[in-house]
Amino acid sequence: MTKEVRLRFAPSPTGPLHIGGVRTALYNYLFAKKMGGKFLLRIEDTDQNRFVPGAEEYIKDSLEWLGITFDESPWKPGDSAPYRQSERKASYMQYALDLVEKGHAYYAFDTSDELEAMRERLTAARMVQPQYNSITRTQMKNSLTLPEDEVKARLESGEPYVIRVKIPRKEEVRLNDMIRGWIMVHSSTLDDKVLMKSDGMPTYHLANIVDDHLMRITHVIRGEEWLPSAPLHVLLYKFFGWEDTMPEFAHLPLLLKPDGNGKLSKRDGDKLGFPVFPINWINQETGETAAGFREQGYLPDAFLNFLAFLGWNPGDDREIFSLEELIEAFSIERIGKAGTKFDIAKAKWFNEQYIRAMSTTELADFLIADAKAEGVEVSREKAEAIVQLTKDRVTFPADFWSQNKFILQKLEAFDQAIASKKWNQEAVKVLTAYAGELDQFDGTFDAGSAKSLLEATAEAQGIKLGKVMQAVRLSVTGSGVGPDLMEVFAILGTKEVANRIRFALDTLEIID
RNA sequence: GGUCGGUUCGUCUAGGGGUUAGGACGUAUCCCUUUCACGGAUAAAACACGGGUUCGAUUCCCGUACCGACUACCA
């Protein structure tokens, strides 16, 4: 029997999850499902200073909105529980000590001032890399330089210490990345990273490797920012003696800002003119709200579809994929290597495609709800008629109300630019007559009959309809643009159309 | 600075030793439409540069340039 495929998404709750993180979660999810494996959520909250209240719930809510589900998580524990590293704290020290015992790690007592001084000294001496490594550690205060009994004494006295990994001086570290192929680095360029912090918490490097091992993770799909520390992770697997079960790595290209300067970050907020977060995030300190895609009107499936295509493609011309179809089509081989700039126009296009694929009934719900929020009651029938007429004109569900509220409530104003050009004697004549005809009309008032009545009216006045059409639109909608006017008439009904025409006749000033 | 990674239309990308370098978004024009949009059609638009290897390189190799990530007791 082959090994069960297990992937994890391991965010740290230091703020809202941004879209790059969401894409990472999505790719992990897609691959796990594609392989018939398991997908777990692990919260990496080892940095107590950066913990942000609400961030964990935010992660949960965001992924739930998108339909990215976990087989195991803090809220759905499996046999790898617990799923928060803070709750696993007790287990890390023994692994660090194991490494110390094997000679792959050591205690270090240097204070932050001393570390700072070391870096300054090295920088002044034009050392290329002021880091704690196989050379510089010989001049620092650690269990490699201090006498054994002094180390023991310091430990026993409760003096703060960290445990650092002892990077070998000369070793070629190789890593076969699923996206990038073989990557080789020399251990001399690596530094002795801290594994256990003085507060007793592990750093990412230790906790990540230990937990991935304990949780039997088979594939690690993460952002490219982790590539430089991947060799360290490979070394740690080796030091622990876990090479045989080391997961495969795939480092994803980064999501870049549209201007091409740097990776997209949480701090970009909505400065870029579009959200960087899946759902609204309220900063509890400042009270400010950072916009989310959900609140801007993006449909979860459309957003997911868009995100999936940022760095991946199925190899053919298809672009519209449901989550199920994405799982079916997904493969790591088809993930690109280059960073990806974010293009909001394409996101909007995806949203439009998804809206058009939705049923009139579903879309009418949005219009009814939005209208109600503005104190306007709309009948189901009318809402569906409006949606039917306008569904290929909107980008977001909220557009149904904002673009068509002129149908549902009193006109607020007339477009003066149109009025000053089109509201002439002829228009007034036709409209006056048409209002009268409408009063007497007793057939079925639909787009067809509305139009023939209007045509007949204009003809009776000896006026070409085309010449006054803009004025007709203006009188009833207040605007020069909009959906098919005769369909709008049909939705409005004879009485309302006649009323609006008379109101316009009373309000607008005739030119010439 | 160092280490690592990357580079096909403005953007997302397909392709890969011989192609009119394909698609999508966006842009422009035309058609449709008594408006706008939708839809349809068309157009402009790319292999970073320099060397090799080769009969032939956008594709393979090496340099250069540029972009990016990393370089914390953050993840």
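All values below come from the heavy atoms of this structure, side chains included, with hydrogens, waters and symmetry mates left out.
- The residue A/Thr46 sits close only to the backbone: its heavy atoms come under 4.0 Å of sugar-phosphate atoms, none of a base.
- For the OP1/OP2 pair of B/G68 and a distance below 4.0 Å, the side-chain nitrogens and oxygens of A/Lys341 include no atom meeting the criterion.
- Following rounding to the nearest Å, A/Glu426 (CD) and B/U34 (P) show an atom-to-atom distance of 20 Å.
- Using a 4.0 Å heavy-atom distance criterion, A/Val185 is classed as a sugar-phosphate-only contact.
- Using atom P as the reference point in both B/U27 and B/A14, the two lie 24 Å apart (nearest Å).
- Among the protein residues, A/Val481 comes within range of the nucleic acid bases, having at least one heavy atom under 4.0 Å from a base atom.
- When each of A/Val194 and A/Gln470 is assigned the nucleotide of RNA chain B with its nearest heavy atom, A/Gln470 is the one assigned upstream, toward the 5' end.
- A gap of 10 Å separates the C1' atoms of B/C9 and B/C47, to the nearest Å.
- The nucleotide B/C32 finds no pairing partner, because no Watson-Crick or G-U wobble arrangement with both distances shorter than 3.5 Å includes it.
- For A/Lys193, the listed nucleotide lying nearest its side chain is B/U71; candidates were B/U71, B/U3, B/C73.
- For A/Pro228, the listed nucleotide lying nearest its side chain is B/C70; candidates were B/A75, B/C70, B/C38.
- Within 4.0 Å (heavy atoms only), A/Arg180 reaches sugar-phosphate atoms of the nucleic acid but no base atom.
- In this structure, A/Lys197 reaches the B/A75 phosphate: one of its side-chain N or O atoms is under 4.0 Å from OP1 or OP2.
- In this entry B/G63 has B/C49 as its Watson-Crick or G-U wobble partner, both defining distances falling under 3.5 Å.
- When heavy atoms are screened at a 4.0 angstrom cut-off, A/Gly223 is found touching no nucleic acid atom at all.
- The side chain of A/Glu224 sits closest to B/G68 out of B/C74, B/A24, B/G68.
- Here, B/U13 and B/U7 have their C1' atoms 14 Å apart, quoted to the whole Å.
- Taking 3.5 Å as the limit, the base of B/C73 and the side chain of A/Ser198 contain a donor-acceptor pair of atoms between them.
- Contact annotation: A/Arg42 side-chain N/O to B/A75 OP1/OP2 distance is not under 4.0 Å.
- Rounded to a whole Å, the NZ atom of A/Lys346 is 4 Å from the C1' atom of B/C25.
- Considering only side-chain N and O atoms, A/Arg164 lies under 4.0 angstrom from the phosphate OP1 or OP2 of B/C73.
- Distance check on atom P: B/A21 versus B/A28 gives 27 Å, rounded to whole Å.
- Checking the phosphate oxygens (OP1, OP2) of B/U13, no side-chain nitrogen or oxygen of A/Asn313 falls inside 4.0 Å.
- Atom P of nucleotide B/C73 and atom CD of A/Glu114 are separated by 13 Å, given to the nearest angstrom.
- For CD of A/Gln94, the number of neighbouring non-hydrogen atoms (other residues, nucleotides, ligands) closer than 6.0 Å is greater than 12.
- The gap from the C1' atom of B/C74 to that of B/C67 amounts to 25 Å, rounded to the nearest Å.
- Here B/C74 presents its C1' atom at 15 Å from CZ of A/Phe51, a figure rounded to the nearest Å.
- Distances were taken from every side-chain heavy atom of A/Leu227 (C-beta onward) to each of B/A69, B/C4, B/G6; the shortest belongs to B/C4.
- Using a 30° and 60° split on the angle between ring planes, A/Phe309 and A/Trp312 fall in the perpendicular class, above 60°.
- The side chain of A/Tyr204 lies closest to B/A75, out of B/A75, B/C73, B/G68.
- Rounded to a whole Å, the CZ atom of A/Phe306 is 14 Å from the P atom of B/C25.
- Contact annotation: the side chain of A/Glu333 never approaches that of A/Met178 to less than 4.5 Å [non-hydrogen atoms, C-beta and beyond].
- Distances from the side chain of A/Thr340 to the nucleotides B/U13, B/C25, B/A75 place B/U13 closest.
- The 12-atom threshold is exceeded at NZ of A/Lys197, counting heavy atoms of other residues, nucleotides or ligands nearer than 6.0 Å.
- Residue-level contact check: A/Pro231 touches neither bases nor backbone, having no heavy atom under 4.0 Å from any strand.
- Heavy atoms of A/Asn133 sit nowhere under 4.0 angstrom from any nucleic acid atom.
- In this structure, A/Phe342 and A/Phe274 have parallel ring planes: the angle between them is below the 30° cut-off, well short of the 60° mark.
- Counting any heavy atom pair closer than 4.0 Å across all strands shown, A/Asp484 reaches a base atom.
- Rounded to a whole Å, the CZ atom of A/Phe400 is 18 Å from the P atom of B/A37.
- The base-pairing partner of B/U27, taking Watson-Crick or G-U wobble contacts with both distances under 3.5 Å, is B/A43.
- Phosphate contact (OP1/OP2 of B/A69, side-chain N/O of A/Lys263, threshold under 4.0 Å): absent.
- Both tests do not hold together for A/Arg154 against A/Tyr161: distance to the six-membered ring centre under 6.0 Å, angle to the ring axis within 45°.
- Across all strands shown, B/C38 remains unpaired; no Watson-Crick or G-U wobble contact has both distances below 3.5 Å.
- Between A/Lys141 and A/Glu159 there is no salt bridge, since none of the side-chain N atoms of the basic residue sits less than 4.0 Å from a carboxylate O of the acidic one.
- You'll find that the side chain of A/Asp392 is closest to B/A37, out of B/A37, B/A14, B/G23.
- A 3.5 Å limit on both hydrogen-bonding distances identifies no Watson-Crick or G-U partner for B/U20.
- If you check every strand for non-hydrogen atoms under 4.0 Å, A/Leu465 touches a base.
- Ring planes of A/His233 and A/Trp226: tilted class, angle from 30 to 60°.
- Taking atom C1' on both nucleotides, B/A41 is separated from B/G5 by 43 Å, rounded to a whole Å.
- Mapping A/Phe309 and A/Trp226 onto RNA chain B by nearest heavy atom places A/Phe309 closer to the 5' end of the strand.
- Distance from the side chain of A/Ala338 is smallest to B/G6 among B/G6, B/U34, B/A75.
- The residue A/Arg334 sits close only to the backbone: its heavy atoms come under 4.0 Å of sugar-phosphate atoms, none of a base.
- Atom CH2 of A/Trp349 is separated from atom C1' of B/U27 by 16 Å (rounded to the nearest Å).
- Rounded to the nearest Å, the gap between the P atom of B/G63 and that of B/G6 is 14 Å.
- Comparing B/U3 with B/G23, their C1' atoms are spaced 38 Å from each other, to the whole Å.
- Residue A/Asp212 contributes atom CG, which lies 14 Å from atom C1' of B/A75 at whole-angstrom precision.
- Using a 4.0 Å cut-off, no side-chain N or O of A/Arg119 falls inside it from OP1 or OP2 of B/U71.
- Under the 4.0 Å criterion applied to side-chain N and carboxylate O atoms, A/Lys193 and A/Asp191 are assigned as salt-bridge partners.
- Atom CD of A/Glu114 has more than 12 neighbouring heavy atoms from other residues, nucleotides or ligands inside a 6.0 Å radius.
- B/A69 is paired with B/U3 under the criterion used here, namely a Watson-Crick or G-U wobble arrangement in which both key atom distances are under 3.5 Å.
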